[in-house]
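All values below come from the heavy atoms of this structure, side chains included, with hydrogens, waters and symmetry mates left out. This is a predicted model, so every value here is computed, not measured.
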Amino acid sequence: MLNVYPNVAYCQFPVFSKLQLPLRTIGPESAAFDKKGGGPYTGVADGRVVKYQGPKVGFTDFAITSPNRTKERCDGKNDLQQICGRPFGLGFYYKTGDLYITDGYYGLVVVRPSGGLATQCVTSFEGRHFAFLDALDIDQKIGVVYFVDSGAIFQTGNRTKIVESGDTSGRLFKYDIGTKQVTLLLSGLSGPVGVALSKDSSYVLITEYIAQRIQRFWLKGAKANSSDVFTNVEGIPDNIKRTVLGDFWVAIANTKQHTTFSIGQRINRFGKVVETRNFTDQFNTPNGITEVQEYNGKLHVGSLDQNFIGVYRV
């Protein structure tokens with residue numbers, strides 16, 4: 001295999017397993033775990049949020065984001081997302097057990113711990129509907145959801161067109177769970193698709209799909225309400241997830257010699273890459289992977305076009 005990062009020694013995977021999605025469903029783009037460690041929960045391309053119930057049961061239906069969705073019309077139909085919904089970012093607010101979801105077409109929504117049809121929290125800002133919501137992260141201490149609007153170009157679903165567009169209409173928002181108020185934090189982003197809050201809640205990292213970098217927006221301290229470039233990325237970054245220790249896993253698609261490599265990089269708080277993992281053998285896809293999330297000693301890897309979540313031992 002071509003070594004896409006020739007100066008990096010890749011870690012090998014002694015154990016790899018697949019959490020198989022329901023029949024005819026694809027696209028476990030992101031994942032979340034509830035306060036008790038249940039899950040993973042993931043949103044799929046036919047509009048459902050499903051929950052993994054163990055190897056004997058597999059995934060079962062948990063929630064939907066679209067009030068227009070019916071099982072007969074949407075189950076297994078991955079190309080009716082404007083009708084059936086498309087849940088992307090997921091995150092539990094542990095205080096209430098509620099699951100917050102960014103849907104590409106239905107805005108920021110919330111689902112009660114029992115699941116079912118989501119309730120819309122916010123669908124617009126200053127009278128204009130969001131273009132295409134993607135990732136989120138939650139500050140558990142103060143009850144704030146940070147989320148991104150990637151921009152209308154993402155509705156095309158065409159990766160090449162998105163990258164070549166140079167679009168800078170992306171925005172970072174925060175939603176206060178207590179007051180239900182939404183605030184614009186940062187605009188002019190070039191394809192924001194991932195959000196991660198730092199361990200000390202002093203800043204938020206935003207991956208930019210088009211600009212191929214990670215921006216940092218400061219929430220506290222002398223630099224509060226300003227932004228800077230945290231690090232540049234070799235390839236196209238997608239979701240970013242913080243580890244328990246405070247590092248960040250970033251999912252990266254890197255195309256070289258007509259081959260797309262699915263790479264996960266762990267980046268420390270100084271913006272330095274401290275670990276690189278190559279998932280290409282298990283994720284042979286032109287779109288690459290979308291997320292690498294470390295949970296309970298395992299890496300959970302998502303994608304847009306596979307019918308499983310990949311699980312690796314750290």
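With a 4.5 Å cut-off between side-chain heavy atoms of Ile, Leu, Val, Met, Phe, Trp and Tyr, the cluster of Ile64 takes in Leu117. Grouping Ile, Leu, Val, Met, Phe, Trp and Tyr residues whose side-chain heavy atoms lie under 4.5 Å apart, directly or via other members, places Tyr209 in a hydrophobic cluster with Phe88, Tyr105, Tyr106, Phe132, Ile153, Phe154, Ile162, Val163, Val193, Ile210, Ile236, Leu304. Phe125 belongs to a hydrophobic cluster whose other members, connected by ILVMFWY side-chain contacts under 4.5 Å either directly or through intermediates, are Tyr93, Tyr100, Leu108, Val110, Val122, Phe130, Leu133, Leu136, Ile138, Val145, Phe147, Phe173, Tyr175, Ile177, Val182, Leu184. Other residues sharing a hydrophobic cluster with Val274 under the 4.5 Å side-chain heavy-atom criterion for ILVMFWY residues do not exist; the residue is a singleton.
Using a 4.5 Å cut-off between side-chain heavy atoms of Ile, Leu, Val, Met, Phe, Trp and Tyr, with links allowed through other members, Tyr146 and Ile206 fall into the same hydrophobic cluster. One hydrophobic cluster holds both Val144 and Leu172 under the rule that ILVMFWY side chains link at heavy-atom gaps under 4.5 Å. Note: the hydrophobic cluster containing Leu90 does not contain Leu299 (ILVMFWY, side chain heavy atoms under 4.5 Å, direct or indirect links). The cluster map of Ile, Leu, Val, Met, Phe, Trp and Tyr, joined by side-chain heavy atoms under 4.5 Å apart, puts Leu205 and Leu197 in different clusters. Two different hydrophobic clusters hold Val311 and Ile26 under the rule that ILVMFWY side chains link at heavy-atom gaps under 4.5 Å.
Side chain of Thr42 to main chain of Ala31: no donor-acceptor pair is present (N/O by atom type, distance under 3.5 Å, no hydrogens or angles). Gln155 places a side-chain N or O within donor-acceptor distance of the main-chain N or O of Ala131, the cut-off being under 3.5 Å. Judged by distance alone, with hydrogens and angles left aside, the side-chain atoms of Gln20 form a donor-acceptor pair with the main-chain N or O of Asn307 at under 3.5 Å. Looking only at distances, no side-chain donor or acceptor of Ser303 sits under 3.5 Å from a matching main-chain atom of Thr290. Side chain of Arg266 to backbone of Thr243: no donor-acceptor contact under 3.5 angstrom is found. Side-chain atoms of Asp34 come within 3.5 Å of backbone atoms of Gly38 as a donor-acceptor pair (strictly under, hydrogens ignored). Panel note: side chain Ser190, backbone Asp167; a donor-acceptor pair is recorded below 3.5 Å. Remark: the backbone N or O of Pro40 is not paired with any side-chain donor or acceptor of Lys51 at under 3.5 angstrom. Using modelled atom types, one side-chain atom of Thr207 and one backbone atom of Asp238 make a donor-acceptor pair closer than 3.5 Å.
Taken from CD1 in Ile252 to CD in Gln212, the straight-line distance is 10.0 Å, to the nearest 0.5 Å. With rounding to the nearest 0.5 Å, the separation of CD1 in Ile83 from CG in Asp46 is 13.0 Å. Note that OG1 of Thr255 and CG of Asn287 are 9.5 Å apart. Values are rounded to the nearest 0.5 Å. Annotation: the span from Ile289 atom CD1 to Arg277 atom CZ amounts to 11.5 Å, rounded to 0.5 Å. Of the inter-residue distances, the one linking Gln265 atom CD with Thr231 atom OG1 reads 8.5 Å to the nearest 0.5 angstrom. Taking OG from Ser262 and CG from Asn254, the interatomic distance works out to 10.0 Å, rounded to the nearest 0.5 Å.
Annotation: side-chain hydrogen bond (donor to acceptor under 3.5 Å, both in side chains) contacts of Arg213 (sequence neighbours excluded): Glu208. Residues that satisfy the side-chain hydrogen bond (donor to acceptor under 3.5 Å, both in side chains) test with Ser30, not counting sequence neighbours, are Glu291. Residues meeting the disulfide bond (SG atoms under 2.5 Å apart) test with Cys121, sequence neighbours left out: none. Not counting sequence neighbours, the partners of Tyr203 by the ring pair (Phe, Tyr, Trp, His ring centres under 6.0 Å) test are Trp218. Here Phe217 pairs with nothing under the ring pair (Phe, Tyr, Trp, His ring centres under 6.0 Å) rule; sequence neighbours left out.
Sequence neighbours left out, the pairs with a member in residues 135-145 that pass side chain to side chain donor-acceptor pair (under 3.5 Å) are Asp139-Ser201. Applying the side chain to side chain donor-acceptor pair (under 3.5 Å) definition to pairs two or more places apart or across chains, those involving residues 110-124 are Asp98-Arg112. Under the side chain to side chain donor-acceptor pair (under 3.5 Å) criterion, the residue pairs touching residues 71-90 are Asp61-Lys71, Arg69-Asp75, Lys71-Asp75, with sequence neighbours excluded.
The heavy-atom pair separating Pro87 from Gly43 by the smallest distance is CG-CA, 3.7 Å. Contact detail for Ala253 and Gly288: the closest heavy-atom pair is CB-CA, 4.1 Å. Residues Leu186 and Ser227 approach most closely at CD1-OG, 3.8 Å, considering heavy atoms.
Side-chain atoms of Phe283 and Gln306, non-hydrogen and from C-beta on, do get closer than 4.5 Å to each other.
Taking the six-membered ring where tryptophan is involved, the planes of Tyr94 and Phe92 are essentially parallel, since the angle between them stays under 30° and well short of 60°. Relative orientation of the Phe62 and Tyr41 rings is perpendicular, given thresholds of 30° and 60° on the angle between their planes.
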Derivation and outcome, side chain to side chain donor-acceptor pair (under 3.5 Å), residues Thr60 and Gln53: CA-CA 7 Å; Thr60 59; Gln53 303 275 20; 3.1 Å; yes
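Partner of His300 under the ring pair (Phe, Tyr, Trp, His ring centres under 6.0 Å) criterion, out of Trp249, Phe308, Phe33: Phe33 alone.
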